[in-house]
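In what follows, chains carry the letters A, B, and so on, assigned in the order in which the sequence lines appear, proteins first and then strands, with residues in each chain numbered from 1.
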Amino acid sequence: MKNLPFTIAEIQKLLLSKEVSCVELVDTYMENIEKANPKLNVFITVSKDKAYSDAKKVDKLIKDLGVDIKGEHPLFGTVVAHKDLFLTEGIRTTAGSKVLDTYIPAYSATVVARLESAGCITIGKTNCDAWAHGASGENSDYGPTKNPWNTEFVPGGSSSGSAVSVASGLTTIATGTDTGGSIRQPANFSGVVGFKPTYGAVSRYGVTAMASSLDSVGHFSQSVADAEKVFDVVRGEDGKDSTVKNFKAAKPKAKIKLGIPKEYFAEGVEEEVKDSVYKASKLFEKEGIELVEINLPHTRYAISVYYIIQPAEVSSNLGRYDGVRYGGPRTSFGAEAKRRIMLGTYVLSAGYYEAYYLKAMKVRSKIIEDFDKAFALVDAIIAPVSPTTAFRLGEKADDPLKMYLADILTVPANIAGIPGLAIPSGFSKAGLPLGIQLMGPRFSEHTLFALGELYQNASGWKFKLAKDL
Amino acid sequence: MSAFRKIIGLEVHVELSTRSKMFCACSSEHFAKPANTQVCPVCLGLPGALPFANREAILSTAKLGLAFACQVNSFSKFDRKHYFYPDLPKGYQISQYDLPICVLGEWTMESGKKIRIRRIHLEEDTAKLIHSEVGGIKVTLVDFNRSGVPLVELVTEPDFENGQEVSEFLKEVQKIVRYLGISTADMEKGSMRLEANISLGELGSQALPDYKVELKNINSFRFLVKAINVELARQEEILAKGDSVVQETRGYSETTGKTFSQRVKEEAKDYRYFPEPDIPPLRFDNNEIAKIKASLPELPKEKRNRFEKDYGLSALYCGILADDLARADYFEKAVSLGEKSGFSAKTIADLMINKNMDKDFSEPAGFIKKIVEATHKVYSSKEITETAVREIVGAEESAVSDYKKGKKQVLGFLVGKAQQKLKGSADPKVIQEILLGLLEES
């Protein structure tokens with residue numbers, strides 16, 4: 001596997017100095033993909049033609065504009081892989097399901113279009129749990145993606161391929177969706193930065209919907225700085241997603257208080273995972289950040305609430321895949337999608353709606369209230385991302401309930417619509433990635449990025465590519 | 001006298017004539033357009049597409065509500081209504097369930113009777129199914145041009161008792177919608193659709209019976225009135241025999257003049273409504289509502305009353321003139337122009353209603369010019385008149401001498417002679433004036 005520069009800034013420096021061209025950059029990524037993809041099953045579709053045509057376009061822009069290219073194309077030369085939930089005009093988009101096995105979209109998602117016009121190069125579509133239903137990648141109709149640190153383990157899910165593509169140097173950045181942890185958890189399992197924005201910060205238009213009130217469109221990168229760069233390009237109103245709002249990036253306060261919620265260190269959270277977060281907290285404290293113990297008492301209801309609201313919305317959103325106008329027949333749906341359609345249909349049925357959906361919405365308000373109260377005391381929260389490091393392939397595949405619990409520490413942020421940032425914090429004794437999660441109030445992304453960068457600098461962090469394959 | 005209480009409620013659908021569809025930028029003008037030419041990812045229900053609500057349509061709905069004295073909810077929302085049908089690409093229709101934009105309205109009929117409006121809500125229209133044959137095979141084709149066109153639904157309480165009341169109300173709805181400029185409300189083009197729920201209850205009891213028959217797919221007011229009256233009679237006959245009426249949807253056949261069963265409803269459908277997560281709730285503050293209210297034009301009923309009061313016209317005339325906003329405006333312009341030429345509003349109304357004279361002139365100015373011409377002559381000039389009168393005075397010597405002898409009545413004879421010569425083109429007053437001058441001279 002050829003080593004490539006890690007960050008957007010490093011790549012752009014090489015491109016501007018003419019040491020490397022975008023076409024050569026794509027050559028290297030393509031070589032890496034050819035080597036790694038058969039083992040890791042990262043890509044469902046590699047968009048080779050598109051990548052080279054994008055690369056040539058950007059090379060021409062660099063030639064014509066020189067350093068001025070940064071103005072209109074702040075992400076020039078950044079290679080991007082899109083989770084296969086993102087619609088890409090002319091490039092097959094399956095959502096990880098055989099239902100859309102032959103579906104070629106007529107339009108591109110807002111995020112895809114914005115990244116492209118910012119100078120990104122689209123390299124392919126990454127594997128994921130079908131319809132983003134899952135926490136391990138094992139629900140993909142195209143076979144599971146493997147953890148690049150140990151291929152007997154899952155890389156997390158549902159944005160499995162996107163996380164692994166960044167971890168293994170098959171792309172510079174990758175997009176993902178996070179409905180209950182589907183960006184932060186695979187980032188954590190794979191050893192990369194995973195960012196979930198505030199609900200309503202980034203347009204969902206053109207991204208296959210899973211659960212509309214919970215879906216967040218975010219991304220993976222090797223550094224926190226890159227996560228911020230990408231966010232500043234994709235965020236803001238597009239006139240298509242009416243839940244999106246423009247907002248001014250607020251400067252982080254001079255004196256930041258960081259909350260530690262004791263509910264996130266409860267039974268079932270591995271010691272190694274806890275220790276890594278405590279260690280990171282101490283580092284923050286050393287950097288002058290005040291640590292405050294806080295309570296989020298309704299955390300324990302989050303998964304129950306999530307598994308009412310989410311399947312309800314899933315059952316509604318999957319209704320269009322009837323095979324009448326496009327896509328395969330309904331028999332192509334996998335077991336997990338069917339399970340969620342049935343659950344959702346049940347909780348929305350007359351006579352059950354009040355007992356399930358309506359009640360879940362009430363508890364949802366309680367969870368939001370918890371965070372509101374906490375953020376009156378602190379500026380951000382530090383917590384583990386997942387109770388464990390990556391688990392073995394097949395370990396939870398037969399037990400949906402166990403699998404659902406893998407999201408227990410990420411789901412609350414989706415329920416409350418707040419941003420979350422997962423950052424690698426080292427490795428377990430077994431050699432699997434460890435990480436921390438930062439959460440903040442709605443639209444406090446830039447505080448999270450500042451904290452993340454502070455952590456990466458203070459810890460002497462250096463991105464580590466998943467082992468050579 | 002019937003032994004039953006007649007209970008009729010209405011559901012009226014009106015397609016709004018906003019420029020774009022309810023949730024996307026496609027044109028909402030779909031009548032007679034080539035199939036599937038006004039579509040996009042949103043109204044086709046493609047993966048990833050999201051609805052973006054049309055402000056104008058929301059405003060139009062609020063306007064209609066205010067015209068029917070509804071309360072505009074300060075907080076309302078859209079909901080998803082699920083059912084599976086090929087004309088519904090998302091598997092759900094975006095509609096409004098428990099918090100519609102307008103509730104609790106009221107309409108006063110000519111008789112003074114009040115009809116309560118339960119709600120007015122906004123939703124999206126479905127695609128159109130076309131049953132056809134392609135290569136000898138029977139197929140159903142789908143045209144998505146109509147998919148996502150804004151559709152308003154007005155629901156009344158079951159306060160009507162006969163077809164005539166229903167007809168009066170529906171005609172008023174159509175007029176109001178047109179006055180507000182929010183829809184063409186064209187029955188033939190399907191931009192206004194009617195449904196009536198009909199049942200018979202016990203006399204003297206306010207309780208609703210345990211069934212209702214839905215009359216659907218009737219495309220004219222006239223047929224709906226007939227259908228309602230026929231259906232009431234049918235139900236009465238059944239109940240009189242001690243049988244019970246089946247809850248079902250019925251249509252009306254113009255040929256037989258009878259209603260017929262279309263679909264028997266076994267149970268209420270479960271639409272699995274839940275709040276549409278893709279669209280934030282709608283909020284109206286009192287200021288906004290007051291502004292919309294202030295922006296409402298004069299409504300048909302107000303116009304009729306004003307015409308009666310200001311122009312002293314009969315209720316019948318006012319009704320006819322105010323039937324159509326354009327004609328009412330035409331009438332008022334014509335009245336203001338006609339005043340100067342001494343025409344009364346009554347005369348103008350007469351000419352418009354009984355002679356249809358306005359129909360020949362697109363502008364009221366032309367119409368007024370025409371009636372001025374028809375009632376006032378344009379006379380020959382004074383010079384021409386004088387020349388003619390001189391000739392007559394010269395020719396009719398005996399008459400002139402008679403006059404001088406004191407026989408004043410020959411004046412009339414001479415005026416007539418002059419007018420004859422001028423082929424009636426002169427003002428008789430002018431002839432007489434000139435004639436008197438000449439007779440004094442000579």
So which of B:Ala25, B:Pro89, B:Cys24 has the biggest tally of heavy-atom pairs under 4.5 Å with chain A?
-> B:Pro89
Heavy atoms only, distances under 4.5 angstrom: which of A:Thr93, A:Leu358, A:Asn317 has the most pairs with chain B? Name it, please.
-> A:Asn317
Do the numbers put A:Arg330 on top of the ring of B:Phe84, so that NZ or CZ is under 6.0 Å from the six-membered ring centre and no more than 45° off the axis?
-> yes
Rounded to the nearest 0.5 Å, what's the gap from OG1 on A:Thr243 to CG on B:Leu50? Could you check?
-> 7.5 Å
With respect to chain A, which residue among B:Phe23, B:Tyr273, B:Tyr92 yields the maximal number of heavy-atom pairs within a distance under 4.5 Å?
-> B:Tyr92
Gap between atom CG of B:Leu46 and atom CZ of A:Arg325 - 0.5 Å precision | 8.5 Å
What part of B:Phe274 gets closer than 4.5 Å to chain A, counting heavy atoms only: side chain, backbone, both or neither?
-> both
Can you tell me how far CD of A:Glu313 sits from CD of B:Glu276, rounded to the nearest 0.5 angstrom?
-> 9.0 Å
Please, which pairs that meet salt bridge (Lys or Arg N to Asp or Glu O under 4.0 Å) have at least one residue in residues 351-367 of chain A, sequence neighbours excluded?
-> A:Lys366-A:Glu369
Proximity of residues 26-42 of chain B to chain A, residues having a non-hydrogen atom under 4.5 angstrom = B:Pro41, B:Val42
Okay, B:Tyr83 and chain A: the region with an atom under 4.5 Å from a heavy atom over there is neither
Supply the atom-to-atom distance A:Ser316 OG to B:Arg272 CZ, rounded to the nearest 0.5 angstrom.
-> 7.5 Å
